[in-house]
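Structure first, then comments.
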Amino acid sequence: MSALRNPILPGFYPDPSICRAGEDYYLVNSSFEYFPGVPIFHSRDLQHWRQIGHCLTRESQLPLHGVHFSGGIYAPTIRFHDGRFHMVTTNELEGRGFRHFLVQAEDPAGPWSEPVWLEQGGIDPSLFFDDDGTVYFTANGTGWAPVRGAYQSVLDLASGQQNEPRFLWAGTGGAYPEAPHLFKRRGWYYLTLAEGGTAEGHMVTIARASTPWGPFEPCPHNPILTHRSLMSPVQATGHADLFEDHRGQWWAVFLGYRYVEHGFHNLGRETFLAPVTWTDDGWPVINRGNPVALECECPELPASHRWPLEPVRDEFDGSALDFRWVHLRNPDRKNYSLERQIGRLSLRCGEATLDECSSPTFVARRQQHHAFRAGALISFEPENENEEAGMAIHHAPMFHAEVLITLRGGRRTVIVRRRIGPLTDETAGVPAPGGAVELRIEADSSAYRLGFIVSSGFHELATLAPRFLSTQVAGGYNGTLLGLLATSRGRSSESWAVFDWWQYEGKS
């Protein structure tokens with residue numbers, strides 16, 4: 001037996017999908033309005049993962065201008081077949097609804113191809129490559145469909161042509177049947193669904209048939225995974241992708257979340273792993289039918305393969321930003337520079353703010369721990385009171401907080417601004433120390449604390465309860481991100497903020 005620690009990807013990494021190429025495993029997640037899109041991870045032991053890039057790195061692949069909060073990229077699926085990687089997902093384009101598309105690559109680290117746009121409607125698309133070479137495209141039927149559930153067509157990979165989609169299965173009666181995945185084992189075609197909505201009622205159900213078109217027989221012990229009605233540290237388990245490892249052991253990756261306090265989660269939906277066994281009559285059992293714990297025993301994992309630890313500090317000494325950094329929507333690249341001052345990240349004050357569904361000068365990474373310490377060393381000389389630069393913690397346009405350097409009364413000042421729904425609060429400013437200033441955000445399960453470093457230590461200016469950056473309050477499907485911001489709040493500016501380094505140290 002092995003010790004399995006969950007989540008395998010902590011923080012805002014929802015809707016996982018996984019594929020195997022030999023003894024290597026690749027996993028992707030939803031990214032919604034963040035750019036680049038669809039982070040991709042690599043593992044050789046299913047426990048230790050490293051990000052190797054994003055599938056969608058060009059605006060031609062991922063147009064996000066004007067996309068609303070929690071719009072953009074939904075529920076990717078990744079598959080490996082005949083030496084190529086295939087990723088299919090959905091972009092909720094502003095004014096154009098949900099559109100599926102496919103990209104392909106020889107190397108999962110990229111580059112990935114330009115999109116092949118598909119016509120079948122719905123969300124949560126998936127691919128299945130049958131033994132005879134037929135490629136099946138399966139997706140959830142939404143507004144266009146007469147019945148909610150899984151619909152399927154045959155797909156030509158090169159052209160994107162599909163035949164008329166056919167209804168497969170509506171699930172067991174739970175709300176929002178979605179996230180269909182078709183796979184084959186010992187002559188049976190299995191179809192999984194997520195039901196119950198992506199919250200505490202979430203669950204995974206399964207059915208099987210002797211053909212990929214059905215009729216599908218539901219599993220007699222559905223749901224095969226759910227934490228509904230359980231007082232568990234892991235909640236909302238669902239949206240599973242089942243797979244066989246290179247030794248013949250089956251597993252499931254799925255999403256779940258952890259409360260920061262009872263009833264509120266602020267990290268977002270995370271990626272979990274559990275073993276799968278099979279009954280004598282051919283039905284899967286996830287985690288031996290037990291709830292999934294944060295630490296549990298499981299069948300032997302593949303031989304341990306650890307990657308080098310990610311550095312706590314980013315010195316911005318590369319030619320490109322680390323893979324962990326993302327932007328809100330498509331960035332205005334002229335506002336970002338690693339060459340203006342070598343070894344530093346320079347941000348120009350853009351007109352947009354975090355209050356808008358726009359593209360602020362903002363680069364962020366996911367919050368992955370309930371307790372952490374994050375900081376950045378900033379050099380910034382604002383010329384007007386509308387010019388601001390510093391650190392932000394962000395969940396949604398109406399739910400975020402920043403610790404910033406700006407001008408107040410002609411003096412360089414450190415402020416904290418908190419946005420909670422329609423209410424905005426700004427602390428009384430504190431004179432900024434001369435020269436570069438180390439800004440700081442610290443957190444535990446009770447509060448975010450925003451401030452800056454002075455000679456005597458951390459000078460706290462304001463706090464924010466984590467529940468105000470939770471999905472239950474802010475809505476949507478995202479988690480919380482931390483990052484660096486420069487804004488001129490609606491006016492033209494040529495002022496630049498320069499960041500010597502960024503540091504994020506998770507505690508629990």
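Because only heavy atoms are used, hydrogens play no part in the values below, and waters and symmetry mates are left out as well, while side chains stay in. Note that this is a predicted model, so its numbers are computed, not measured.
- Ionic pairing of Asp131 and Lys184 is present here: one or more N-O contacts between side-chain nitrogen and carboxylate oxygen are shorter than 4.0 angstrom.
- Side-chain contact between Val135 and His86 is absent, with no heavy-atom pair separated by less than 4.5 Å.
- Side-chain contact between Phe98 and Glu92: present, with at least one pair of heavy atoms (C-beta onward) separated by less than 4.5 Å.
- Taking the salt bridge (Lys or Arg N to Asp or Glu O under 4.0 Å) definition, one finds that Glu59 meets it with nothing, sequence neighbours left out.
- Counting heavy atoms from C-beta on, the side chains of Asn287 and Phe272 never come closer than 4.5 Å.
- Note: Asn29 CG to Arg366 CZ = 7.5 Å, rounded to the nearest 0.5 Å.
- Taking the ring axis of Tyr504 as reference, the NZ or CZ atom of Arg365 stays within 45° of it and closer than 6.0 Å to the ring centre.
- In this structure, the separation between NE2 on His227 and NE2 on His202 is 12.5 Å, given to the nearest 0.5 Å.
- A donor and an acceptor atom, one from each side chain of Ser359 and Asp332, are nowhere located under 3.5 Å apart.
- Within the 4.5 Å cutoff, no side-chain heavy atoms of His395 are placed close to those of Asn266.
- With sequence neighbours left out, Glu505 forms a salt bridge (Lys or Arg N to Asp or Glu O under 4.0 Å) with Arg373.
- Tyr336 and His327 have perpendicular rings, their planes meeting at more than 60° on a 0 to 90° scale where under 30° would count as parallel.
- Aromatic ring orientation, Tyr136 versus Trp213: perpendicular (interplanar angle above 60°, classes split at 30° and 60°).
- Ring pair His262/Tyr259 is perpendicular by interplanar angle, where above 60° counts as perpendicular and below 30° as parallel.
- In this structure the side chain of His265 never reaches within 4.5 angstrom of the side chain of Ser470, judged on heavy atoms.
- Rounding to the nearest 0.5 Å gives a distance of 8.5 Å between CG of Leu27 and CG of Asp241.
- Counting only heavy atoms from C-beta outward, the side chains of Arg228 and Glu200 never approach each other to under 4.5 Å.
- Atom CG of Asp281 has more than 12 heavy atoms from other residues, nucleotides or ligands within 6.0 Å.
- Note that CD1 of Ile123 and OH of Tyr74 are 7.0 Å apart. Values are rounded to the nearest 0.5 Å.
- Note: Tyr26 and Phe80 fail the aromatic proximity criterion, with ring centroids not under 6.0 Å apart.
- In this structure, NE2 on His42 lies 13.5 Å from CD on Gln51, to the nearest 0.5 angstrom.
- Within the model, atoms CG of Leu328 and CZ of Phe32 stand 13.5 Å from one another, a figure rounded to the nearest 0.5 Å.
- Not counting sequence neighbours, the partners of His48 by the side-chain hydrogen bond (donor to acceptor under 3.5 Å, both in side chains) test are Asp45, Arg306.
- Taking the side chain as every heavy atom from C-beta outward, Tyr190 and Leu242 never approach each other to under 4.5 Å.
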